[in-house]
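Here the structure is laid out as structure tokens; the discussion comes afterwards.
Just so you know, ligand 1 is whichever comes first in the structure, and atom 1 is the first atom listed for that ligand.
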Amino acid sequence: MCGIMGYVGPAEAAPILIDGLQRLEYRGYDSAGIAVHDGSVVTIRKAEGKLERLVALLAESPPSGSTGIGHTRWATHGPPTDFNAHPHTDPAGDIAVVHNGIIENFLALREELGEKGSRFTSDTDTEILAHLIADEYEEDLLEAVRRAVRRAEGAYALVAMSRKEPGRIVAVRMISPLIIGLGEGETFLASDIPAILHRTRRILVIENGEIVDITADGVRIETLAGAPVARETLEISWNAEQAEKGGYPHFMIKEIFEQPDVITETLSGRIRGSSDVALEGVGFPEGFVAGLDKIWITACGTAYHAGLVGKEIFERKLRIPVDVVYAHELRYRDPIIRPNSLTIAISQSGETADTLAAAELAKGRGSRLLAITNVVGSTLSRISDDVLYTRAGPEIAVASTKAYLAMLIGEYLLTVRMGRDLGRYTDAESAEMIDGLRHLPQAAEEVLGRSEDIARLAEGFAGADDVYFLGRGVDYAVAMEGSLKMKEISYIHSEAMPAGELKHGTLALVTRGTPVVTVLTQRYVYDKTVSAIMEVKARGAHTIAVAYDDDGNAAKHADEVVRIPRVPDSLSPVLSAIPLQLLAYYVAVARGHDIDQPRNLAKSVTVE
Ligand code: M6R
């Protein structure tokens, strides 16, 4: 999810690289750097923090050269520091690389290269790539990169240049996006179109598994196996603002559609074989999990809703009691938090004031503190004993979507890790869970493929005054999130409740035509949840169910059924949340609201 920029041509590369990186900076990054080749020397400049720090550094000592690569980093391996910023080089400084994504086997490669004498100057997986390419280099950068990537597993984009080959850049796409811009006697490379749109509208999109040889005269694309690829040039008609959103009208919908990739990224490198999970950054001492008698989860808003799903899955599988408490409540209680407990603080930003205060309180009472957060180096990550980073990339829309899904994935991974420690997962059981997790990106794609059905459904909501969301167990947790999304951006009054609670009061509010959305995925309470649909239907409600593809009963009870692919019930929240995000989005669009910056709300709530 980092920003990448490259240039080969007649002009000075540094200002072009910086200009391109500035056009990607709206997404928020933590460090940046460039490498520029002047025909004999490669000069690297990099700096932690916002791009302006790098710009100041360049003003002091501007590097000259007309071939260059640049990078803005969203940290994954290692905190945002000068030495972790890209570009990275091999020890001789011959190969410079920038990279986006994750090298899953980086620890094994680091060991292997270390045994051959490599010494590393950063915590990153990127530096390994520079060493690997140098290891494979025989006077041809393209072939060296081709051989190096055969040794690297993961989802990434890689861009490299060699001191010995001025005027040449080689890039590879393995899932993470890369595009080429064709100019007159100059060629551009970027992770995202907005970086270069003002320079050229003639774009080549690089596909997965392709390697590109880039010079000022143009590009040659091949598959990694060496077959030449003919790629049609696209003429981009978007304006700059449309380009920032990848052609989507709003960041929120762009982020919703990024979710299959986010699931892949968050799982990446964390699954060991067919049945185990390894979580870098989570280092429970020997016997810690076995000695636990309580788990606390604390968070706010959407992160709290992710915590509600966590409670269900942790308790069911680990058989350890879990309390989920809003951080703003926990911090002012006198909670009975004891040392043999684990407190999981969940926060996309890692900067939410209430969550930080609750986390500090728990830690002060002797609890071990584990953060689930999206921002490497955030305050929460720094005060925690363990950190499980979600890898959703920068989330810009105030309404959180992809960060929520990534939090859920983090919780599933943690369940398997802790369940294995407790002996509560046999190999077969964890293999089943891992298999389910691996299928989620594809299943999420399928849900997104049905977005037009949700857009049609949303038309019926646009005039509603109230909406209700129901569910039981994890379905209730998802209903809470669906309701928050709805009220946050559509400004329609919305409530979520456990399906069994309705008849204890709220049913009085249900009148003819009131939309009631029921999440209906949990077999163990299926009939009970259907009873709630019948209750509201009898009062004239317009009923919508979110149910599995193979659930033939749902359509007998609900007026409309939104379908999701069949997955194990414990994993259903990852899929059932998506139609609710889409529903809120399309309703808000129909009502003409500011989608990405809803009234009265901020992306990060750093005050009480
Ligand atoms: O950064 P955090 O995850 O700690 O933020 C917590 C809430 O402020 C956040 O989830 C908020 O509820 C979102 N706007 C919901 O879409």
Give a yes-or-no answer on whether the side chains of Ser367 and Ser341 include a donor-acceptor pair shorter than 3.5 Å.
yes
If the cut-off is 4.0 Å to any non-hydrogen atom of Ser400, which atoms of ligand 1 fall inside it?
15 (C), 16 (O)
Nearest non-hydrogen protein atom, atom 15 (C) of ligand 1
Thr302 OG1, 3.0 Å
Residues Glu481 and Gln581: side-chain donor-acceptor under 3.5 angstrom
no
Of all the non-hydrogen atoms in the protein, which one sits nearest to atom 5 (O) of ligand 1, and at what distance?
Thr352 OG1, 3.5 Å
Need the ligand 1 atom indices (1-based, order shown) with element for anything under 4.0 Å from a heavy-atom of Gln348.
1 (O), 2 (P), 3 (O), 4 (O)
In the protein, what heavy atom is nearest to atom 7 (C) of ligand 1, and what distance, to one decimal place, separates them?
Cys300 O, 3.7 Å
To the nearest 0.5 angstrom, please state how far the OG1 atom of Thr390 sits from the CD atom of Gln348.
7.0 Å
Roughly how far, to the nearest 0.5 Å, is the CD1 atom of Ile396 from the CD atom of Glu244?
7.5 Å
Please work out, at 4.0 Å between heavy atoms, whether the side chain, the backbone, both, or neither of Lys485 comes within that distance of ligand 1.
side chain
Would you please test Arg599 and Asp594 for salt bridge (Lys or Arg N to Asp or Glu O under 4.0 Å) and show each step?
CA-CA 8 Å; Arg599 70 182 179 209; Asp594 183 339; over 6 Å; no
Quick one: nearest non-hydrogen protein atom to atom 8 (O) of ligand 1, plus distance?
Val605 CG2, 4.0 Å
Just which atoms of ligand 1 are under 4.0 Å from any heavy atom in Ser349?
1 (O), 2 (P), 4 (O)
Take atom CD of Gln597 as the centre, draw a 6.0 Å sphere, and report whether it contains more than 12 heavy atoms from other residues, nucleotides or ligands.
no
With heavy-atom distances below 4.0 Å as the criterion, list the atoms of ligand 1 near Ala303.
3 (O), 10 (O)
With His493, which residues qualify under ring-ring contact (aromatic ring centres under 6.0 Å, His included), at least two apart?
none
Residue part near ligand 1, for Glu488, under 4.0 Å between non-hydrogen atoms:
side chain
Quick check: do Asp354 and Val605 have side-chain heavy atoms less than 4.5 Å from each other?
no
With only distance considered, is Val398 within less than 3.5 Å of ligand 1 through an N or O on each side?
yes
Would you mind running through ligand 1 and noting each atom that sits below 4.0 Å from a heavy atom of Ala399?
16 (O)
